[in-house]
Amino acid sequence: MRSPVQLHHSSDATNGFHTLQSTHDQTDGLIKRVCLTRGMHVPEHVAMHHTHDVGPDQCCSSVVQMIHAPVESVWALVRRFDNPKVYKNFIRQCRIVQGDGLHAGDLREVMVVSGLPAVSSTERLEILDEERHVISFSVVGGDHRLENYRSVTTLHASDDEGTVVVESYIVDVPPGNTEEETVSFVDTIVRCNLQSLARSCTNRQ
C-alpha cells in the first residue's frame with residue numbers, strides 16, 4: 001500500500017509566488033545538473049546556489065516569493081536558524097543541540113506539528129552568508145520521510161525596492177511515492193512558509 005506523502009495539490013502561480021519547474025542542463029551518467037532559476041533575472045550567486053546535482057530517485061524544485069519589504073527586514077527573520085518558528089508554522093519546537101546557530105556545522109532539533117508525515121528532524125546549518133543573504137541547511141536525522149533533504153534560501157532586492165526570496169531544495173523520493181507526489185508535498189510546505197514570511201515582514205513594517 002502506498003504511503004501518502006503529499007498534502008494537497010496547489011496552483012503554481014498565485015499570491016505573489018510561483019513554482020519554478022526543473023530544467024535539466026546537463027547529465028553526467030546518472031546525475032542531472034538542474035538549474036532552477038533559468039529564465040529569471042537573478043544575481044550570479046543566486047543562480048549558483050539554486051543549481052543542484054540530482055541523482056537517481058531524487059527530485060528538486062523551488063518556490064519564489066515576492067515580499068514588499070527591504071531585504072534586511074526579511075533577512076532578519078530568515079537568518080534565524082535558531083528560531084525557524086518565527087515564520088515556519090509547521091514547526092512546534094526548535095532547540096540548538098550543537099553550536100550557537102550562527103556557523104556552518106551547527107545542529108538544531110526540530111519538532112513538527114501533528115498531521116504531517118514526520119515527528120522530528122535534526123538539521124545542520126550548511127551556509128549562513130550575512131553579506132549575500134544566503135542560508136542553507138540539510139536534514140541529517142530524525143523521524144521523518146524526507147531523506148537527504150537540503151534546502152537553500154536566497155534573498156535579493158527587487159526592482160521596486162522589495163525582496164525576492166528563492167527557496168530551492170533537493171530530496172530523495174520516499175519509497176512508495178512518486179517524484180510528482182514528493183514535489184507537490186514539499187512545494188506546499190515551502191510555499192506556506194514563504195507566505196507566512198511575507199505576512200510577518202509586512203506586519204513588522
Side-chain angles (χ1 to χ4, degrees), residues 17 36 42-43 45-52 60-65 67 69-157 162-172 185-205:
F17 62 81
L36 293 168
V42 299
H45 75 275
V46 170
M48 178 192 71
H49 282 298
H50 298 295
T51 299
H52 300 282
C60 67
S61 182
S62 63
V63 177
V64 179
Q65 174 77 52
I67 299 180
V71 170
E72 293 298 335
S73 297
V74 182
W75 179 243
L77 301 184
V78 173
R79 68 181 295 277
R80 295 296 304 273
F81 181 76
D82 64 323
N83 187 23
K85 284 179 58 179
V86 71
Y87 72 93
K88 295 184 176 182
N89 296 327
F90 295 106
I91 293 177
R92 179 168 55 87
Q93 183 180 344
C94 175
R95 67 186 182 97
I96 297 295
V97 295
Q98 179 176 302
D100 56 10
L102 297 173
H103 302 90
D106 290 353
L107 298 176
R108 69 186 179 192
E109 185 178 64
V110 170
M111 307 297 290
V112 303
V113 300
S114 61
L116 294 179
V119 175
S120 65
S121 176
T122 303
E123 300 170 356
R124 181 174 59 218
L125 181 62
E126 302 290 351
I127 301 170
L128 184 65
D129 189 330
E130 302 276 11
E131 180 180 354
R132 290 188 167 183
H133 306 112
V134 181
I135 186 169
S136 172
F137 72 88
S138 60
V139 174
V140 296
D143 182 1
H144 57 82
R145 302 195 68 229
L146 298 179
E147 297 293 332
N148 294 316
Y149 182 89
R150 176 164 176 159
S151 166
V152 182
T153 303
T154 62
L155 279 59
H156 65 277
T163 300
V164 181
V165 183
V166 183
E167 181 168 347
S168 70
Y169 63 85
I170 181 172
V171 67
D172 291 358
F185 170 71
V186 181
D187 276 2
T188 297
I189 299 296
V190 172
R191 186 178 296 117
C192 289
N193 287 339
L194 295 186
Q195 285 181 306
S196 175
L197 174 64
R199 288 192 298 269
S200 297
C201 292
T202 301
N203 292 338
R204 286 162 62 97
Q205 293 193 93

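FYI, the numbering just counts along the sequence from 1.
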Check [X] against [Y] and note the closest heavy-atom contact, atom names and distance.
| X | Y | result |
| --- | --- | --- |
| Ala118 | Val112 | O-CG2, 3.3 Å |
| Leu125 | Gly101 | CD2-O, 3.8 Å |
| Leu102 | Asp106 | N-OD2, 3.1 Å |
| His49 | Ile127 | CE1-CD1, 3.8 Å |
| Phe81 | Ile96 | CD2-CD1, 3.9 Å |
| Tyr87 | Val78 | CE2-CA, 4.0 Å |

Counting C-beta onward and ignoring hydrogens, is there a side-chain heavy-atom pair between [X] and [Y] closer than 4.5 Å?
| X | Y | result |
| --- | --- | --- |
| Arg124 | Gln98 | no |
| Val165 | Val74 | yes |
| Val86 | Ser200 | no |
| Ile135 | Leu155 | no |
| His144 | Tyr149 | no |
| Leu197 | Leu194 | yes |
| Arg108 | Asp82 | no |
| Ser168 | His52 | yes |

Is there a donor-acceptor pair under 3.5 Å between the side chain of [X] and the backbone N or O of [Y]?
| X | Y | result |
| --- | --- | --- |
| Ser196 | Cys192 | no |
| Asn193 | Lys88 | no |
| Lys85 | Arg92 | yes |
| Thr163 | Ala69 | yes |

(message) Consider side-chain contact (heavy atoms from CB on, under 4.5 Å). Of Asp187, Val166, Val186, which one does Val63 pass it with?
(response)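 Single side-chain contact (heavy atoms from CB on, under 4.5 Å) partner of Val63 among Asp187, Val166, Val186: Asp187.
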
(message) Gln195 vs Gln65, test: side-chain contact (heavy atoms from CB on, under 4.5 Å). Steps then yes/no.
(response) CA-CA 7 Å; Gln195 285 181 306; Gln65 174 77 52; 3.9 Å; yes

(message) Distance check, rounded to the nearest 0.5 Å: Glu131 atom CD versus His45 atom NE2?
(response)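 The CD atom of Glu131 sits 9.0 Å away from the NE2 atom of His45.
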
(request) Could you grab the distance from atom CG of Asp172 to atom CG of Leu146, nearest 0.5 Å is fine? (result)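 With rounding to 0.5 Å, CG (Asp172) is 9.0 Å from CG (Leu146).
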
(request) Go through His50 and Thr154 one step at a time and tell me if the side-chain hydrogen bond (donor to acceptor under 3.5 Å, both in side chains) criterion holds. (result) CA-CA 9 Å; His50 298 295; Thr154 62; 2.8 Å; yes

(request) Kindly determine whether Arg95 and Met111 satisfy side-chain contact (heavy atoms from CB on, under 4.5 Å), including the steps that lead there. (result) CA-CA 9 Å; Arg95 67 186 182 97; Met111 307 297 290; over 6 Å; no

(message) For Ser151, run the side-chain hydrogen bond (donor to acceptor under 3.5 Å, both in side chains) check against Glu126, Glu123, Glu167 and tell me which one passes.
(response)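 Exactly one candidate clears the test, Glu167.
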
